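Values reported hereafter were calculated over all heavy atoms of this structure, with side chains retained and with hydrogens, waters and symmetry mates removed. Quantities reported herein were computed from a predicted structural model and do not represent experimental measurements.
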Amino acid sequence: MVTSLVDGGIVVLYLLGMVGVGYWGYRRSEGLEDYLVAGRNIPLWMYVPVMSAVILGGASTIGGGGLGYQYGISGAWLVVWLGLGVAAVGLLISTELANLKAYTLGEILERRFDKYSGTVGAAIAGVYALTIAITQVISIGTVLGALFGFGLTEMIVVAGVIVVAYTALGGMLSVTITDFVQWCIMTVGVFALALPLALSRLAASPVFARSSTPPSSARRGSASRRCSPTSCSTSWGS
């Protein structure tokens, strides 16, 4: 649960801010292109963090942290390969996709092949988007439940309503802005706050202290060697 009204107030203001960004996107959207593809004019300094936010979501921060706790460094494979996949898309095919002036993946497949391919591609993309939305909403609900002490189901419903609200209001324009803000918060939170705090807690942990202290038998069996210009002698510790 939250430790003070200040903590709860910050979280509530953040969630209201996301809805406010959605309303701002709604007011700024002048047509279908603004709503669906953010006007196709996102600057590079915003595009890179927004693409990173696709990876730095609940699945990577909450889920990836859980995998790391359970499996160690091998738990990072999901986030690492998702990041490499997004980088490959950005470097290899993003320009070609932008030049097609399409709105959806299904539309691209329909132009390249036929209407049936576009329908299948749209169905696959829909299933993928649904699974991503489910994991994100569950992650948000888990965090809210831990902060406010309410049930997981209730917090998942609240999280879903908020995400759907700002997405439906402003479309891709509001999603782009909220992704950029969330990337800034998550990057600062993970690397400037969470990582140093975790390392400091680890250093102060009794388990870490015990593992870094040599066993008493090793200390008793240690030897010291003293040498003079003419001879050397070895003494064993008790």
Side-chain angles (χ1 to χ4, degrees), residues 18-64 77-141 156-157 159-183 186:
M18 294 298 100
V19 178
V21 169
Y23 180 73
W24 174 85
Y26 166 75
R27 296 295 301 271
R28 287 289 302 270
S29 296
E30 298 178 355
L32 189 62
E33 192 160 290
D34 286 339
Y35 188 83
L36 293 180
V37 290
R40 305 185 192 274
N41 59 356
I42 301 174
L44 182 63
W45 60 269
M46 182 179 289
Y47 176 80
V48 174
V50 167
M51 290 300 295
S52 300
V54 175
I55 304 304
L56 281 175
S60 59
T61 54
I62 307 300
W77 70 268
L78 173 64
V79 179
V80 170
W81 284 104
L82 283 174
L84 291 176
V86 171
V89 169
L91 293 174
L92 300 177
I93 64 174
S94 61
T95 302
E96 287 76 7
L97 290 176
N99 291 335
L100 291 175
K101 302 296 183 182
Y103 291 114
T104 64
L105 176 63
E107 183 179 351
I108 296 174
L109 293 175
E110 185 175 343
R111 291 183 188 178
R112 178 65 177 83
F113 300 104
D114 52 26
K115 188 175 182 180
Y116 174 77
S117 299
T119 303
V120 173
I124 295 175
V127 172
Y128 169 77
L130 180 62
T131 57
I132 292 297
I134 290 172
T135 58
Q136 299 293 334
V137 171
I138 291 176
S139 299
I140 299 172
I156 288 177
V157 172
V161 169
I162 293 173
V163 172
V164 171
Y166 73 71
T167 303
L169 276 173
M172 186 58 69
L173 185 59
S174 65
V175 171
T176 300
I177 302 299
T178 53
D179 277 355
F180 180 76
V181 173
Q182 291 162 5
W183 177 85
M186 287 186 292

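Not counting sequence neighbours, the partners of I162 by the side-chain contact (heavy atoms from CB on, under 4.5 Å) test are L15, V19, V158, Y166. Among residues two or more places apart in sequence or in another chain, the side-chain hydrogen bond (donor to acceptor under 3.5 Å, both in side chains) test is passed with Y23 by R27. The side-chain contact (heavy atoms from CB on, under 4.5 Å) check on L105 picks up L109, A125, with sequence neighbours excluded.
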Carefully, step by step, assess V120 and I124 under the rule side-chain contact (heavy atoms from CB on, under 4.5 Å). CA-CA 6 Å; V120 173; I124 295 175; 3.9 Å; yes

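Side-chain contact check for M46 versus I177: some heavy-atom pair is nearer than 4.5 Å. Considering only heavy atoms from C-beta on, V181 stays 4.5 Å or farther from V21 through its side chain. Inter-residue side-chain proximity for L84 and V80 is flagged as met; some heavy-atom pair is nearer than 4.5 Å.
Remark: D179 CG to M18 CE distance equals 9.5 Å, nearest 0.5 Å.
Annotation: salt bridge (charged side-chain N to carboxylate O under 4.0 Å, His left out) contacts involving residues 34-53, sequence neighbours excluded, comprise E33-R40. Sequence neighbours left out, the pairs with a member in residues 108-136 that pass salt bridge (charged side-chain N to carboxylate O under 4.0 Å, His left out) are E107-R111. A ring-ring contact (aromatic ring centres under 6.0 Å, His included) check over residues 81-111, counting only residues at least two apart or in different chains, returns nothing.
Judged by distance alone, with hydrogens and angles left aside, the side-chain atoms of T131 form a donor-acceptor pair with the main-chain N or O of Y128 at under 3.5 Å.
Of all heavy-atom pairs between Y35 and T167, the closest is OH-O, 3.9 Å. Contact between S174 and G22 at its shortest, heavy atoms only, is CB-CA, 3.6 Å. Looking at every heavy atom in both residues, L173 comes nearest to R28 through CD2-CB, 3.7 Å.
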